[in-house]
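One structure is given here, and the rest of the page talks about it.
Order of the sequence lines sets the chain letters (A, B, ...), proteins ahead of strands, with each chain counted from 1.
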Amino acid sequence: MINFDFDYYRPDTLKEAHDLFVRLSHKGQEVIYYAGGTEVLTAFRKGSIKSDAVIDLKAVPGMTSIDKSKEYVIGACTSLNDVSQACPELGPVFDGIGDHTARNTITIGGNICGRLPYKEVLLPLLAQNAKVVVYNSSGLREYDLRSIFSKKLNLAKGDILYQIKINFDKLMVSYRFSESAKVDYPLVHLLFAKESDAYFVALSGYGSYPIFKSFDTMSRDRMLSFFKPYVKDCLKGNGAYKHALLSDALQKAMEEIDG
Amino acid sequence: MVKYSGYMEINLRINQVNHSVLVKPNETLLHVLREKIGYTGTKTSCENGDCGACTVLVDMKPVKACMLLAVECVEKSIMTIEGLNDTAIQRAFVDHGGFQCGYCTAGFIMNAYAMLLSDPHIDEQGKMKWLDANLCRCTGYEGIKDAVDAAQAEILGHQKKGLVETANIL
């Protein structure tokens, strides 16, 4: 049970959503954008966050659609299962997030912008240098994801993540380790990509937030040295164990990518 | 723009029947189904999206009713366990020992029903992927697996004979 009241809005356009957010915020209300709602409702139920209003973005045109003409253009409120079905390249990465039923509700944008530190959806997006389309008071703007990502997606309060644009022009493999064999958060989720002589490594679970780095040589020692300062102990596994998992995953990824 | 604030009447289409119900925005679909409309076949368990006991179908996709607000489900088609009637999956659960205490059963059946409707030829890995969303604390997984496999075999048998569309026999 959620033990506090809030208002629920479902706007029909981006402008309506953003203007509403600004208007309610100026009145002193705590306002949250709402996509799939899995993280929000869990936090509401636990009492870790409260809100006076939620703005459900799913009715905004383009928010739940996928266009595949020149590149994939994915609405931020598209469910992970719908994204996986349209973009088979993302299926193996998304398969570890929640469970199959939950992935009918969890959205790609919600996973990126939510409060949980894993944000595994970001791994292939960072590796493939995806772009994001953001709506704010200036209208729609497109950014390289890498340019506005540092620990999390750095958006101003009230900005709306609208679409993700991605091309899969880099070869990529992923390895995911968790404490349990079934549905669980990651201990280490590695995404390893290659384009010509450039190598791209994105990690989740290893540190406190997703980490991304590009390398010009395929040196496992160099990669491990770079990431080691970020490792974080957790109840599921200590830093040394996670580092060993990463080392193993990098070895397998390099072998798989280079045949 | 739609706005819900305080108690408001909404229409929910459940098992092909329209229900008019007074709800607040903070009420989950699970709570409204059970406490306001009386569809108690959908079970309350973890209320955290982990166990799958509250699985229902919304627009024919399995979702966890504890993780949806009722107000989100206006203009959607909702199916609960009460909406199934003598389907292959239900018969299989009875015939193959697919339940012990029965508390997880509705959730499993709804998920399996949607799975076999989506892809009656689904392989073992696919079945595991879908059904990992449901937990059974009685650990009656063998019976559940036997039931799902039997239902799939019946459906594929009917399809092979060219008798009916999957949805008509599920």
Crowding at CD, B/Glu142 (>12 non-hydrogen neighbours, <6.0 Å): no

Top of A/Leu20, A/Asp12, A/Asp5 for chain B proximity - count of heavy-atom pairs under 4.5 angstrom: A/Asp5

Euclidean distance, A/Thr105 OG1 relative to B/Leu68 CG, rounded to 0.5 Å: 5.0 Å

Polar side chain donor-acceptor pair, B/Glu72 to A/Tyr8, under 3.5 angstrom: no

From B/Met67 atom CE to A/Ile106 atom CD1, the distance as rounded to the nearest 0.5 Å: 8.0 Å

Side-chain donor/acceptor of A/Arg45 to backbone N/O of B/Glu47, under 3.5 Å: yes

B/Trp130 CH2 to A/Asn81 CG distance, which is reported to the nearest 0.5 Å: 7.5 Å

Over 12 non-hydrogen atoms of neighbours within 6.0 angstrom of OH in A/Tyr241: no

B/His121 atom NE2, over 12 foreign heavy atoms within 6.0 Å: yes

Heavy atoms from other residues, nucleotides or ligands near NZ of B/Lys76 exceed 12 (cutoff 6.0 Å): no

Within 6.0 angstrom of A/Glu255 CD, more than 12 heavy atoms from elsewhere: yes

Interface residues of residues 18-29 of chain B facing chain A - heavy atom cut-off under 4.5 Å: B/Lys24, B/Pro25, B/Asn26, B/Thr28

Which atoms of B/Asn111 approach chain A - backbone, side chain, both or neither, heavy atom under 4.5 Å: side chain

A/Phe44 vs B/Leu69 side-chain heavy atoms within contact, under 4.5 Å: no

B/Met1 side chain reached by A/Arg10 side chain, heavy atoms, under 4.5 Å: no

Under 4.5 Å from any heavy atom of chain B - which part of A/Asp82: side chain

Non-hydrogen atoms of B/Ser5 and A/Asp7 that approach each other most closely: OG-OD1, 2.6 Å

Contact origin within A/Leu41 toward chain B - heavy atom pairs under 4.5 Å: side chain

In a table with atom names and distances, give each donor-acceptor pair under 3.5 Å that connects a side chain of residues 85-99 of chain A to protein atoms at least two apart or in another chain.
| from | atom 1 | to | atom 2 | distance (Å) |
| --- | --- | --- | --- | --- |
| A/Asp95 | OD1 | B/Lys129 | NZ | 3.4 |
| A/Asp99 | OD1 | A/Thr101 | N | 3.0 |
| A/Asp99 | OD1 | A/Ala102 | N | 2.7 |
| A/Asp99 | OD1 | B/Lys64 | NZ | 3.3 |
| A/Asp99 | OD2 | B/Lys64 | NZ | 2.5 |

Under 4.5 Å from any heavy atom of chain A - which part of B/Met128: side chain

Residue pair B/Leu131, A/His100: steps toward the side chain to side chain contact (heavy atoms under 4.5 Å, CB included) verdict: CA-CA 8 Å; B/Leu131 298 178; A/His100 183 269; over 6 Å; no

More than 12 heavy atoms of other groups within 6.0 Å of A/Glu30 CD: no

